[in-house]
A.B. asks: 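First the structure, then my questions, so here it is.
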There are 2 protein chains.
Amino acid sequence: MRVIRGKSGTNQEGTSAHNRRVMIDALRLNGKLSRADLARASGLTKQAVSNIIDDLEQDGLVVSLAAVRKGRGQPSTPYRLVPEGAFAIGLQIDRYMTRVIAVNLLGTVLVRAETNLPPGGPANGVRVILDLVQQVRKELAGIAEHLEERLVGLCVAMPGPFGLASDNDDQWMMAAWQSFPLLETLAAGTGLEVALQNDAAACATAERMVGAAHGVDHAVCLYVGYGIGAGLILNGELYAGGNGNAGEIGMALLPPTAGRPERSPLEHRASLASLYQHLNADPADPKLHDRLNTLVSKDDPAVASWVDAAAEELRWGVQLIETIFDPQTVILCSSAPEALTRRIFDAIHPLLPSIANRRGRALPRLQLGMTDPWSVALGAAAEPISRAFDPRFSAILKTRASAGGWNVQP
Amino acid sequence: MRVIRGKSGTNQEGTSAHNRRVMIDALRLNGKLSRADLARASGLTKQAVSNIIDDLEQDGLVVSLAAVRKGRGQPSTPYRLVPEGAFAIGLQIDRYMTRVIAVNLLGTVLVRAETNLPPGGPANGVRVILDLVQQVRKELAGIAEHLEERLVGLCVAMPGPFGLASDNDDQWMMAAWQSFPLLETLAAGTGLEVALQNDAAACATAERMVGAAHGVDHAVCLYVGYGIGAGLILNGELYAGGNGNAGEIGMALLPPTAGRPERSPLEHRASLASLYQHLNADPADPKLHDRLNTLVSKDDPAVASWVDAAAEELRWGVQLIETIFDPQTVILCSSAPEALTRRIFDAIHPLLPSIANRRGRALPRLQLGMTDPWSVALGAAAEPISRAFDPRFSAILKTRASAGGWNVQP
DNA sequence: GAAATAAGTCAAATCAATTGACTTAATGAA
DNA sequence: TTCATTAAGTCAATTGATTTGACTTATTTC
């Protein structure tokens, strides 16, 4: 008889691990809190908090600040996170280039490096990537003490969807990378625990740690890159779906319209790929970013017409996201130059009516998120930090069930 | 200084509560398991399981069965859930009628009752509803021992979206009910803990407990009722969104097409409301269900043409759901007569290509779910059972954060 | 009949949180 | 100045669920 597994149990170890994460989460949200504050925020007793904070201080994850008097009673001693308490590496693999970034516990970027990917597919590319990771790691070691114990992992961000039959290939995907044992190779080559996210999910991870979704439990990042996707923060955690492909909104088929007799995926109509096509530009051109910037600043009519058309589709996309996810806010992110992203953001307005159109909203329906081209890599780097330190159900359970997406241990 | 709350901590109580839920979950999934099986399934030690099972047995939630010999070693003593270990009441409020249903721990229906809602809005309706609940409760008391201790709650299912500005009203909504303090009134009138779900979410809750989503952690129920919505099972739990309105897919605006010059919401094109309009039928007619059944069995051409048109939209909806949620399966549910739902199900096929179109799928992309008109009420009844007994993050935490949706304590 | 295997129990140990009393350090009122 | 009040934080003992490791029981296999 085969036993269906279900959820696993927990014990004091799980309790303790969770409570440590809760302390870190509260400090991340508030900047600094006293032990008494932490007790109130977490619902634990002063004594429990005291013990945990002592531990965290010993582990070098928190430090005390000068005591502050704020009224009657003994002054409180605030604590804050120690940025150097942990480090992580993020790796972005794009179609023509790759970026590596190192962050600390706070998500502050410490090292970054990028390079073009050589032709010849992943077999060649992965060596370049490993070299670049090694280079970043070395540089990081120069500025980070105790790096080896404090480097909590590596996460790769690349365009999805993942794990599809390879004959599904078209120009919009990166089929060769899909069939390559990337995570295993990286885990073996770095000795780190390796995770994988699609680029929109990475953006959401970044926005949650240091951006517009900081402290927000229900948010969706609409990411306009070469393709287009949505990064989903649901119940305070990234949602990856059954196969790690949740949010691949760019592959949603749109009904035929006057101009287009056939159903076509959203990302054929609104993505940087469609812009490049519209402009007859070569996406492999390393100067494309600058060139785009120039075009935008000159109010190029071809760009303007694309913005209008794309914004129309994205406006619909925002309404769809609001309708389906009921998030507290939607965040527009893009790998495009900031000025262009702003144009798109402006052109999406006014938004279509939706259930999000309620009184007393705390957050705007649509916000502008990170527009830094490094934000995807940053999100990748934030993932291991989040995995190691954020309170989450899977961290309490005994047999660590993978919380969606994939991760591979070395 | 205001402290941002973040997640709360936990303690042994949370651990214990979680482990009890894990046992119940494993038994629900497997039907019967020995203590040793449970230890393997949960990752806990034999001893811990033994203690917990002893407790659960004392509480009347599990019982042992005859020992079975299955090879070498001492025979094992399997345990199963006791159906009479808990009860819950589900309440469905529809536009013209209301249903009340009582279930046990296994989700088996014990009592059901329905009645038409009087005109005059919620102020009148709620008295009828409370009477009906009282009637069901009395009947349940006749067949359920220790009912008062074992009745874990009541959940209301009604069409969403919830909490919108009331001037958003149109014929598709139930605006008067939105502004009425329904949950408070029910909590006061019954003394029970009261929760609220939209009808699609209730359907998903039912499918997860006793239907096609049993044991599935990522599933979406596409519910075709008077309106149309999606019930989201993500990470094994119902997802309700930031304001309890996640999945209101019927309000997604569709682009204009040849026949329709304006954007219009999906549920204007594919829902029973659109069918009634198409047939010039009165949705308040209590014999409508039977009449529809007759029409379907007679291959009525008006029904057939609606099915074709609606299926076209729903086919798109399924592809969209797959693309956005990446679920393990999509489940089609409906309050329509079973024969009609089957017609729709068939007409949706063949499905559009999507990322769900992968080799080695364990579950079909689209499954037929419950078609019983009582399934929404059943799902509502399943909610308090799930809330009380399913393993979930919020059950571990100290200050019971509402896990999405609303619930009100008496 | 003995060895192997597996289910399940017993009793002690472990360990994180809780409890309640206590200490420390500030403010504010008499 | 004095003393009550308030709040932060510690101390020491208690609690309680899981773990540990040895043990018992029951069955099959050789």
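What you see is a predicted model, and the numbers here were worked out from it, not measured in a lab. Just so it is clear: chains get the letters A, B, ... in the order the sequence lines come, proteins before strands, and each one is counted from 1.
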A.B. asks: Does D/dA8 have OP1 or OP2 sitting under 4.0 Å from an N or O in the side chain of A/Thr77?
C.D. replies: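 A/Thr77 to D/dA8 OP1/OP2: no side-chain N or O under 4.0 Å.
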
A.B. asks: Whether A/Thr10 contacts D/dT18 is assessed here as follows: a side-chain N or O lying under 4.0 Å from the phosphate OP1 or OP2. Is that the case?
C.D. replies: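 No, no such contact exists.
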
A.B. asks: Between protein and nucleotides 20-22 of chain C, what N or O pairs are separated by less than 3.5 Å?
C.D. replies:
none

A.B. asks: According to a strict under-4.0 Å criterion, is A/Thr45 in side-chain N/O contact with OP1 or OP2 of C/dT18?
C.D. replies: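 So the side chain of A/Thr45 is within the cut-off, an N or O lying under 4.0 Å from OP1 or OP2 of C/dT18.
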
A.B. asks: To the nearest Å, how far apart are B/Gln12 CD and D/dT18 P?
C.D. replies: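 It works out to 8 Å between those atoms.
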
A.B. asks: Pairs in or reaching into residues 30-81 of chain A: which pass ring pair (Phe, Tyr, Trp, His ring centres under 6.0 Å), with residues at least two apart or in two chains?
C.D. replies: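 Sorted result for residues 30-81 of chain A: empty, none.
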
A.B. asks: Distance check needed: C/dA7 P versus B/Leu38 CG, whole Å only.
C.D. replies: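 After rounding, the gap between these two atoms is 12 Å.
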
A.B. asks: Sub-3.5 Å donor-acceptor pair from the side chain of A/Thr205 to the main-chain atoms of A/Ala201, do we have one?
C.D. replies: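 Such a contact is found between A/Thr205 side chain and A/Ala201 backbone.
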
A.B. asks: Output yes when at least one side-chain N/O atom of B/Arg35 is less than 4.0 Å from OP1 or OP2 of C/dA6, else no.
C.D. replies: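 Looking at the OP1 and OP2 atoms of C/dA6, neither is under 4.0 Å from any side-chain N or O of B/Arg35.
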
A.B. asks: Using only side-chain N and O atoms of A/Thr15, determine if any of them is under 4.0 Å from OP1 or OP2 of C/dA16.
C.D. replies: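 So the side chain of A/Thr15 is outside the cut-off, no N or O lying under 4.0 Å from OP1 or OP2 of C/dA16.
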
A.B. asks: Does D/dT25 have OP1 or OP2 under 4.0 Å away from a side-chain N or O of B/Arg72?
C.D. replies: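 So the side chain of B/Arg72 is outside the cut-off, no N or O lying under 4.0 Å from OP1 or OP2 of D/dT25.
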
A.B. asks: Can you tell which of B/Lys32, B/Arg80, B/Lys70 makes a salt bridge (Lys or Arg N to Asp or Glu O under 4.0 Å) with B/Asp37?
C.D. replies: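 So the option named by the test is B/Lys70.
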
A.B. asks: To the nearest Å, give me how far apart CG (A/Asn51) and C1' (D/dG9) are.
C.D. replies: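 From A/Asn51 CG to D/dG9 C1': 12 Å.
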
A.B. asks: Touch check for A/Ala36, heavy atoms < 4.0 angstrom, all strands: base, sugar-phosphate only, or nothing?
C.D. replies: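 Sugar-phosphate, backbone atoms only, no base.
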
A.B. asks: Given C/dA7, D/dT20, C/dT18, which nucleotide is nearest the side-chain atoms of B/Arg40?
C.D. replies: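 Nearest listed nucleotide: C/dA7.
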
A.B. asks: Is the side chain of B/Asp25 donor-acceptor paired with the backbone N or O of B/Arg21 at a distance under 3.5 Å, no angle test?
C.D. replies: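 Here the side-chain-to-backbone pair does not exist.
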
A.B. asks: Output the rounded distance in Å from NZ (B/Lys398) to P (C/dA17).
C.D. replies: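 For the pair B/Lys398 NZ and C/dA17 P, the rounded distance is 10 Å.
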
A.B. asks: Could you tell me how far apart B/Leu65 (CG) and C/dA7 (C1') are, to the nearest whole angstrom?
C.D. replies: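 Roughly 16 Å, once rounded to whole Å.
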
A.B. asks: Does A/Ile52 or A/Pro75 map to a spot on DNA chain C nearer the 5' end, using the closest nucleotide for each?
C.D. replies: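 Looking at DNA chain C, the more 5' nearest nucleotide goes with A/Ile52.
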
A.B. asks: Hey, does the side chain of B/Asn19 come within less than 4.0 Å of D/dT18's phosphate (OP1/OP2), counting only N and O?
C.D. replies: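 So the side-chain polar atoms of B/Asn19 do come within 4.0 Å of the phosphate oxygens OP1 or OP2 of D/dT18, strictly under.
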
A.B. asks: Is A/Arg35 salt-bridged to A/Asp54, going by a charged N under 4.0 Å from an acidic O?
C.D. replies: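 Yes.
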
A.B. asks: For residues 38-71 of chain B, which residue pairs pass the ring pair (Phe, Tyr, Trp, His ring centres under 6.0 Å) check, not counting sequence neighbours?
C.D. replies: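 Those involving residues 38-71 of chain B do not exist here.
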
A.B. asks: Need to verify one output field. Residue with the more 5' nearest nucleotide on DNA chain C, A/Ser16 or A/Gly73?
C.D. replies: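 Whichever sits nearer the 5' end wins; that is A/Ser16.
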
A.B. asks: Using atom CG of A/Asp55 as one end and atom P of C/dA16 as the other, report the distance to the nearest whole Å.
C.D. replies: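 So the two atoms are 8 Å apart, to the nearest Å.
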
A.B. asks: Please determine if a side-chain N or O atom of B/Asn11 lies less than 4.0 Å away from the OP1 or OP2 oxygen of C/dT18.
C.D. replies: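 Checking C/dT18 against B/Asn11, a side-chain N or O does come within under 4.0 Å of OP1 or OP2.
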
A.B. asks: Can any side-chain N or O of B/Glu207 pair as donor or acceptor with the backbone N or O of B/Ala212 at less than 3.5 Å?
C.D. replies: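 Checking the backbone N and O of B/Ala212 against the side chain of B/Glu207, a donor-acceptor pair under 3.5 Å is found.
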
A.B. asks: Look at B/Asp217 together with B/Arg208 and state whether they make a salt bridge at an N to O cut-off of under 4.0 Å.
C.D. replies: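 So B/Asp217 pairs with B/Arg208 through a salt bridge.
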
A.B. asks: A/Ile396 CD1 to C/dA16 P: how many Å, rounded?
C.D. replies: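 After rounding, the reported distance stands at 15 Å.
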
A.B. asks: Just the rounded figure in Å: distance from C1' of C/dG8 to CG of B/Leu44.
C.D. replies: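 So the two atoms are 16 Å apart, to the nearest Å.
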
